[in-house]
Participant: 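Have a look at this one.
We count ligands from 1, going down the list as the structure has it; atoms in each ligand are counted the same way. Numbering of residues begins at 1 and proceeds along the displayed sequence.
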Amino acid sequence: MIARTAMDGGKGMVITIDGPAGTGKSSVALAVAERLKFDFLDTGAMYRAIGLEAVHRNANLEDPRELAFIAKHCKIEFEWSKHPPGVLLNGDQVGHLLRGSEATRAASYVAVVPAIREQLVQQQRAIGKERGNLVTEGRDQGSIVFPDAPCKFYLDATPHERARRRVAQLRARGEIVDFNEILDQIESRDRRDQSRSVGPLAVPQDAEIVDTTNMTQSQVVDHIVDRVRSVKV
Ligand code: DC
C-alpha cells in the first residue's frame, strides 16, 4: 500500500527524481511510475517544447526576452491517458519531435531564462496538485518545485560511465562518435547546469543519492520502489 501524504491537501504523493543527463533518469522515472501506478511528468519535455517553438519561429536563442515572449504564448499540455503521457504544444502532438538535436540544443538556452523557469515551475506545481500521485523528473524538482515531497531521489553516475552509456546509445543508432568528445560535452554540460543562477542542478537537501554507476536500470527502479513503499503516512 502506497503511503499518501498531507501535501496538496492529502490528495497525493509526489516523488522527485533529479540528476544530470545520462543517469537514466527518464527511463527510471517512467518505470517507477508504471510500477506504482502514478502519473509520470517529464519536465525536460516542457523546456524542449518551448525550444522547439523557438526554433520554428527562427528566434534568436541568445535573446532571453524573445524566448520569454515565445514561452508566454506556448500552451503545453499532457495527455495523461497515454503512457508516457503525450505532449501537446498549442494543440499539436510534438512528443516525437522533442528529442531531436534542434529541440535539445534550443532547450538548453530556454532553461537558463529566469522568466521561463518561473512559468514552468508554476505549471509543474499545478500539475502536482491536479494529478495527485506523481513521479516527476528533472533538475530542480526536489529542490525548487516540490521541496516538501516526501520521497526525493538524486541519480548520479560518474561522467565516464554516463559518456559510455551515451556512446553506446548513439552507436546503436548507427552514429559514429568519439568517446572523448562525448565525455567533454558531458563535463561541460554539468558545469553549465550546476553554475546557472536559477534552478541550478543540485542535490536537494533531503534527497537520497543513488549512484547508478554499477547498477542496472531495473536495480535502480527496484530500489526506488522499495524506498517509496517503506515510507509511512
Ligand atoms: O532532461 P532533458 O534532457 O529532457 O532536459 C532538457 C533541457 O531542459 C536540458 O537542457 C536541461 C533542462 N531542464 C531543466 O533545466 N530543468 C528541468 N527541470 C528539466 C530540464
Side-chain angles (χ1 to χ4, degrees), residues 14-33 39-55 59 61-62 64 67-68 70-71 74 76 78 84-87 89 94-128 134-147 149 152-157 159 162-163 165-166 169-170 182 185-204 207 212 217:
V14 175
I15 298 163
T16 64
I17 303 183
D18 292 300
T23 50
K25 250 178 327 138
S26 295
S27 316
V28 164
L30 181 62
V32 168
D39 283 322
F40 163 65
L41 177 62
D42 169 4
T43 62
M46 301 170 87
Y47 291 92
R48 287 170 182 269
I50 294 172
L52 186 70
E53 182 68 10
V55 170
L61 298 178
E62 310 267 358
L67 293 180
I70 288 171
C74 281
I76 301 166
F78 290 94
V87 186
L89 172 63
V94 291
H96 58 295
L97 302 174
L98 297 180
R99 301 255 145 212
S101 55
E102 283 191 323
T104 302
R105 190 176 103 82
S108 69
Y109 288 87
V110 164
V112 296
V113 179
I116 300 181
R117 296 204 71 87
E118 184 55 34
Q119 175 184 329
L120 293 186
V121 165
Q122 282 184 20
Q123 188 180 352
Q124 289 155 16
R125 287 187 182 139
I127 289 170
L134 190 70
V135 178
T136 180
E137 173 260 300
R139 306 287 190 286
D140 56 352
Q141 297 302 288
S143 54
I144 309 273
V145 185
F146 298 106
K152 300 182 187 178
F153 299 91
Y154 183 90
L155 301 195
D156 213 345
R162 287 155 51 209
R165 292 175 189 169
R166 183 79 185 133
Q169 219 175 37
L170 294 171
I182 298 286
Q185 283 171 11
I186 284 181
E187 288 177 332
S188 57
R189 185 141 57 135
D190 283 357
R191 279 193 295 274
R192 276 202 309 276
D193 276 355
Q194 287 158 0
S195 62
R196 69 168 173 246
S197 58
V198 276
L201 174 66
V203 182
T212 70
Q217 187 181 303

Participant: Using a 3.5 Å cut-off on N or O atoms only, is Asp140 in polar contact with ligand 1?
Facilitator: yes
Participant: Under a 3.5 Å distance rule, please check whether Lys152 uses its side chain to pair with a backbone N or O of Pro147 as donor and acceptor.
Facilitator: yes
Participant: Record the part of Arg189 in heavy-atom contact with ligand 1 below 4.0 Å; permitted values are side chain, backbone, both and neither.
Facilitator: neither
Participant: What protein heavy atom sits nearest atom 12 (C) of ligand 1, and how far away is it?
Facilitator: Ala111 CB, 3.8 Å
Participant: Taking Arg139 for the side chain and Pro200 for the main chain, is one N or O donor matched with an acceptor at less than 3.5 Å?
Facilitator: no
Participant: How far is atom 6 (C) of ligand 1 from its nearest protein heavy atom, and which residue and atom is that?
Facilitator: Arg48 NE, 3.6 Å
Participant: Considering only protein heavy atoms, which is closest to atom 8 (O) of ligand 1, and at what distance to one decimal place?
Facilitator: Tyr47 CB, 3.5 Å
Participant: Decide whether the shortest distance between a heavy atom of Arg99 and an atom of ligand 1 is less than 4.0 Å.
Facilitator: yes
Participant: Hey, are Arg99 and Thr104 close enough side-chain-wise for a donor-acceptor pair under 3.5 Å?
Facilitator: no
Participant: Can you tell me if CZ on Arg189 sees more than 12 non-hydrogen neighbours from other groups inside 6.0 Å?
Facilitator: no
Participant: Return the closest protein heavy atom for atom 7 (C) of ligand 1 as residue, atom name and distance.
Facilitator: Ala107 CB, 3.9 Å
Participant: List the closest protein heavy-atom neighbour of atom 20 (C) of ligand 1: residue, atom name, distance to the nearest 0.1 Å.
Facilitator: Gly44 CA, 3.6 Å
Participant: Can you tell which of Arg139, Arg117, Lys25, Arg105 gets a heavy atom nearest to atom 9 (C) of ligand 1?
Facilitator: Arg139
Participant: With a 4.0 Å cut-off on heavy atoms, does Met46 reach ligand 1?
Facilitator: no
Participant: Going by the order shown, which atoms of ligand 1 are within less than 4.0 Å of some heavy atom of Gln141?
Facilitator: 18 (N)
Participant: Please check: side-chain N/O of Gln123 versus main-chain N/O of Ile76, any donor-acceptor pairing under 3.5 Å?
Facilitator: yes
Participant: Could you find the nearest protein heavy atom to atom 10 (O) of ligand 1 and give me its residue, atom name and distance?
Facilitator: Ser108 CA, 3.6 Å
Participant: Quick one: do Arg196 and Asp140 make a salt bridge, cutoff under 4.0 Å?
Facilitator: no
Participant: Can you tell me which portion of Arg196 lies within the under-4.0 Å heavy-atom range of ligand 1? Options are side chain, backbone, both, or neither.
Facilitator: side chain
Participant: Purely on distance, is any nitrogen or oxygen of Thr43 under 3.5 Å from one on ligand 1?
Facilitator: yes
Participant: Determine whether a donor-acceptor pair (N or O, by modelled atom type, separation under 3.5 Å) exists between the side chain of Arg125 and the backbone of Val145.
Facilitator: yes
Participant: Look at atom CD of Glu102 and say whether more than 12 heavy atoms of other residues, nucleotides or ligands are closer to it than 6.0 Å.
Facilitator: no
Participant: Answer yes or no: is there a donor N or O on one side and an acceptor on the other, between the side chain of Gln119 and the main chain of Ala71, under 3.5 Å?
Facilitator: yes
